[in-house]
2 protein chains.
Amino acid sequence: MYQQVERVSHDGGMSKQPKYRQVADALRREIDNGTYPPGARLPSESELSARFDASRNTVRSGLGLLVTQGLVTSSQGLGYEVAKHEVFELNASRFEDLSFPQNGDAYSTDVTNAGRRPHQTFRVEIHPAPDDVAERLKVEPGSRTVLRFCHRFVDDVPWSTQATYYPSWLVEEAPRLAEPGDIEQGTTRYLAEHGTEQVGYFDEISTRMPTPDEARRLEIGAGVPVLLWMRTGYSDQRPIRCTVTTFRGDLNRMNYEIGDQAGRENEPQ
Amino acid sequence: MYQQVERVSHDGGMSKQPKYRQVADALRREIDNGTYPPGARLPSESELSARFDASRNTVRSGLGLLVTQGLVTSSQGLGYEVAKHEVFELNASRFEDLSFPQNGDAYSTDVTNAGRRPHQTFRVEIHPAPDDVAERLKVEPGSRTVLRFCHRFVDDVPWSTQATYYPSWLVEEAPRLAEPGDIEQGTTRYLAEHGTEQVGYFDEISTRMPTPDEARRLEIGAGVPVLLWMRTGYSDQRPIRCTVTTFRGDLNRMNYEIGDQAGRENEPQ
DNA sequence: CTGCTCAACTTGTAGGGACAAGTTGATGAA
DNA sequence: TTCATCAACTTGTCCCTACAAGTTGAGCAG
């Protein structure tokens, strides 16, 4: 017959926290103070169960907290591992292409400069405009747009997905947007050569937990949010494109340089 | 005696997904298609248990997925509720204070303009510089800084925390930074009047799951990430302050206007 | 009517068991 | 040696029970 165990623990009486939280807190402290450095393996569930005098289920609840906070990952047969993140910096405030003689791909050059290996898959589709994109492009929801979609990897780790929508009126002026394959000089420059120059943009940045679909595409474990970046580019007349980028939140940081940056580059004193 | 039940379900054989995921996916679909609109209550665990022919634990696992994805919230005694989020837009690219005759507080005016009620608590401390802040301010880690800390609410809901660190050399030139209480004309303008004008800044934006501390201060439920915004302000000589803002990720979106915005304001056609 | 109690719900915590499935390294056969 | 097998670990899924704790509304005492 089952008997409810005494809930009061022997830690001095100031706890009141449920046991699975105590487990999580204790492990979090040990991760923070370096007992378990990034990449280290945690003790197994049964070891922790013995150490904390808790059932395996309770220990699992505690570990689950750490997993959903992104501090540790787990894999069947292997155990729990302290997560390590190297963030990748992304400068979002520089105007792309126009002033730089690069081949139209800021991502590849940025990653290569960081000593990492870029890789991307690319496809072009005709696609009805999603509501949020239609609103920003000032076209009817569901109207035809050209979608240029990019799935990006760094060292073969999924990094981000980027979807750029072009309104159909623009595709008539710049038909190569709808053709599969790269545009060597870069889309921004290609558009400028066809009479539509991007003179400004509006960026919106938000975050949330990934949808199951995003979690699959970006190979995101539990407890890692996505960073959402929506950029609407404008000519001096009207919106010309809308780019929706989804980043793994644990691997990316976005930067904006605004105003005079002289004070940032100087040495101290 | 316990008997493992037959794992194959009667949905045509294409499932393979564990049962708790099937529960989560089914409920997610029904949330997406409006069966359970934002604010609605989900069936209770025992009802779902009957509907899916699963144990309460299994149903709880499925609901737990939705909670950690931020789609639903749960509270003891009340049940599960579909989360509703109204995001608050924050324009981060305008230079504060200098050109506007406001009383130094972009937050209060932004919130009031949105028809919401702002509220904030404020305190000033002498605090050793955290490593990341020290690096950006180009001072020794742990050296004395003045910390001006702000805890902000909208309609009494915790919204964000903001910590601005000023290096000690700057406080000697502008002593009121270290005094508690508001600076009516705004700190940026106050600094300009004392010979230190902020001419540029560098913004870094990232996201992660909240620490238990942040979750408590911002009253964040499970499954809601935080949006981290770190702004380092510069004079033409050197860094003058570093502001670390922590937002509830489900309630905030950051915007940047860069370049000419004429095309954004125009009407279509 | 007001205000209190309490039953009947809800979710939260904690324990138990059994078996599935992934990983690793030792062992033994070829 | 090389390769397949398998035992012994790991976490993953699923079930059961029991009780704690928060919420609500019915119903009763005053």
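Reminder, nothing fancy here: chain letters follow the sequence lines and each chain counts from 1.
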Kindly assign one of parallel, tilted or perpendicular to the pair [X] and [Y], based on the angle between their ring planes and the thresholds 30° and 60°.
| X | Y | answer |
| --- | --- | --- |
| A:Phe149 | A:His151 | perpendicular |
| A:Tyr165 | A:His127 | perpendicular |
| B:Trp229 | B:Phe247 | parallel |

Quiz item: Donor-acceptor pair, B:Arg148 side chain versus B:Phe122 backbone, under 3.5 Å?
Solution: no
Extract all donor-acceptor atom pairs below 3.5 Å that involve side chains of residues 65-75 of chain B and protein atoms in other chains or at least two apart in sequence.
| unit_1 | atom_1 | unit_2 | atom_2 | d |
| --- | --- | --- | --- | --- |
| B:Thr68 | OG1 | B:Gly64 | O | 3.3 |
| B:Thr68 | OG1 | B:Leu65 | O | 2.9 |
| B:Gln69 | OE1 | B:Arg28 | NH1 | 2.4 |

Figure out the [atom1]/[atom2] separation between [X] and [N], and round it to whole Å.
| X | N | atom1 | atom2 | answer |
| --- | --- | --- | --- | --- |
| A:Glu81 | D:dT11 | CD | P | 12 Å |
| A:Gln22 | C:dT13 | CD | C1' | 12 Å |
| B:Arg21 | D:dG12 | CZ | P | 11 Å |

Exercise. Mind checking salt bridge (Lys or Arg N to Asp or Glu O under 4.0 Å) for A:Glu214 and listing every partner two or more places apart, or none if nothing turns up?
Key: A:Arg208
Quiz item: Who are the salt bridge (Lys or Arg N to Asp or Glu O under 4.0 Å) partners of B:Arg216, not counting sequence neighbours?
Solution: B:Asp213
Distances under 3.5 Å only, N/O to N/O: pair up the protein atoms with those of nucleotides 7-10 of chain D.
| unit_1 | atom_1 | unit_2 | atom_2 | d |
| --- | --- | --- | --- | --- |
| D:dT10 | OP1 | A:Ser44 | OG | 3.0 |
| D:dT10 | O2 | A:Gly77 | N | 3.3 |

Exercise. Go through D:dC14, C:dA14, C:dG12 for me and flag the one nearest to the A:Pro18 side chain.
Key: C:dA14
Practice problem: Pull out every residue in residues 53-66 of chain A that has a heavy atom closer than 4.0 Å to any atom of DNA chain C, ordered by number, or say none. | Solution: A:Asp53, A:Ala54, A:Ser55, A:Arg56, A:Asn57, A:Thr58
List, one per line, each side-chain donor-acceptor pair under 3.5 Å for residues 32-40 of chain B, sequence neighbours excluded.
| unit_1 | atom_1 | unit_2 | atom_2 | d |
| --- | --- | --- | --- | --- |
| B:Asn33 | OD1 | B:Thr35 | N | 2.9 |
| B:Asn33 | OD1 | B:Thr35 | OG1 | 2.6 |

